[in-house]
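This report concerns only the one structure given below.
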Amino acid sequence: MKKEIIVTFVLALLLAFFSTGGDRLLSHFMLMWVCIAFIILFVIGVILFLKEKPRDERDEVHYMNADRKAYMFGSIFLAGIVVYQGMWGFMDPLFPVVLLIMILSRMLFLYSSRNNN
């Protein structure tokens with residue numbers, strides 16, 4: 001659990017750096033290395049989260065609740081970005097595509113798991 005917290009914290013710092021415009025302060029070469037570090041840390045974070053195994057039924061419920069809340073928060077946040085951009089008349093097509101991928105993948109995985117069990 002400690003590794004996940006450290007990786008998540010470093011990813012949050014890098015994302016805060018990108019979202020505050022810090023990437024404009026770097027040269028193209030340095031920005032490339034920061035992006036590579038971000039990708040590597042993101043992959044490590046995904047691997048660590050996929051390796052998590054619940055110890056008992058209570059842990060399993062906690063993981064499922066955390067996953068469900070993270071999905072809901074992410075979808076609400078992306079939907080808010082889409083609405084905000086729509087109100088101001090500029091729409092970055094990436095946000096609706098990401099939201100669509102999240103919703104469709106959840107539906108497909110839920111359908112697949114219900115049919116396989």
Side-chain angles (χ1 to χ4, degrees):
M1 184 71 169
K2 191 180 242 184
K3 295 176 197 171
E4 291 92 349
I5 292 172
I6 293 170
V7 170
T8 303
F9 180 72
V10 173
L11 281 174
L13 286 176
L14 280 173
L15 287 171
F17 175 75
F18 284 131
S19 65
T20 57
D23 55 335
R24 286 183 243 137
L25 301 173
L26 298 176
S27 68
H28 183 69
F29 181 74
M30 285 300 295
L31 182 60
M32 178 185 66
W33 282 106
V34 171
C35 288
I36 290 171
F38 174 77
I39 291 169
I40 290 170
L41 280 172
F42 188 79
V43 169
I44 290 171
V46 168
I47 290 170
L48 287 174
F49 284 118
L50 288 177
K51 276 180 51 175
E52 288 181 332
K53 298 289 183 209
R55 291 176 294 207
D56 57 9
E57 291 82 15
R58 289 181 305 151
D59 262 359
E60 191 171 346
V61 170
H62 290 304
Y63 285 135
M64 288 188 321
N65 281 336
D67 291 342
R68 182 175 290 130
K69 288 176 184 173
Y71 170 79
M72 289 304 299
F73 182 76
S75 357
I76 289 170
F77 186 73
L78 282 173
I81 289 174
V82 169
V83 168
Y84 176 79
Q85 287 185 349
M87 287 178 11
W88 288 102
F90 66 92
M91 182 66 70
D92 184 3
L94 185 62
F95 292 116
V97 169
V98 170
L99 184 58
L100 178 66
I101 289 170
M102 281 176 60
I103 293 170
L104 289 178
S105 63
R106 182 183 187 278
M107 286 177 23
L108 288 173
F109 289 131
L110 185 62
Y111 179 75
S112 171
S113 70
R114 284 188 179 164
N115 282 344
N116 290 337
N117 291 328

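Nothing fancy with the numbering, it's 1 onward along the sequence. Excluded from the calculations below are hydrogen atoms, water molecules and symmetry mates; all remaining heavy atoms, backbone and side chain alike, are included. Small disclaimer: the values here were computed from a predicted structure and weren't measured.
For residues 59-74, the salt bridge (Lys or Arg N to Asp or Glu O under 4.0 Å) pairs, not counting sequence neighbours, are Arg55-Asp59. Among residues at least two apart or in separate chains, side-chain hydrogen bond (donor to acceptor under 3.5 Å, both in side chains) pairs with a member in residues 98-111 are Tyr111-Asn115.
For Met107, the side chain to side chain contact (heavy atoms under 4.5 Å, CB included) partners at least two apart in sequence or on another chain are Ile103, Leu104. Here Leu108 pairs with nothing under the side chain to side chain contact (heavy atoms under 4.5 Å, CB included) rule; sequence neighbours left out. In this view, Phe29 and Ser27, Met32, Trp33 satisfy the side chain to side chain contact (heavy atoms under 4.5 Å, CB included) rule, not counting sequence neighbours. Considering only residues two or more places apart in sequence or on other chains, Ile101 meets the side chain to side chain contact (heavy atoms under 4.5 Å, CB included) condition with Val97.
A single hydrophobic cluster is not seen to contain both Phe73 and Leu78; linkage of ILVMFWY side chains at heavy-atom distances under 4.5 Å, directly or through other members, places them apart. In this structure, Phe109 is not a member of the same hydrophobic cluster as Leu100, with clusters built from ILVMFWY side-chain heavy atoms closer than 4.5 Å. Using a 4.5 Å cut-off between side-chain heavy atoms of Ile, Leu, Val, Met, Phe, Trp and Tyr, with links allowed through other members, Val98 and Met72 fall into the same hydrophobic cluster.
Met64 belongs to no hydrophobic cluster, as no Ile, Leu, Val, Met, Phe, Trp or Tyr side chain comes under 4.5 Å of its own. Summarising the hydrophobic clusters (Ile, Leu, Val, Met, Phe, Trp, Tyr; side-chain heavy atoms under 4.5 Å, direct or chained), the residues clustered with Phe9 are Leu13.
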Under 3.5 Å, side-chain donor or acceptor atoms of residues 79-88 against the rest of the protein: list the pairs with distances, not counting sequence neighbours.
unit_1, atom_1, unit_2, atom_2, d
Gln85, OE1, Asp92, N, 2.9

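No more than 12 heavy atoms of other residues, nucleotides or ligands sit less than 6.0 Å from atom CZ of Phe42.
Annotation for Leu41 and Val7: closest pair O-CG1, 3.6 Å, computed over non-hydrogen atoms. Between Leu14 and Phe38, the closest heavy-atom pair is CD1-CA, 3.9 Å.
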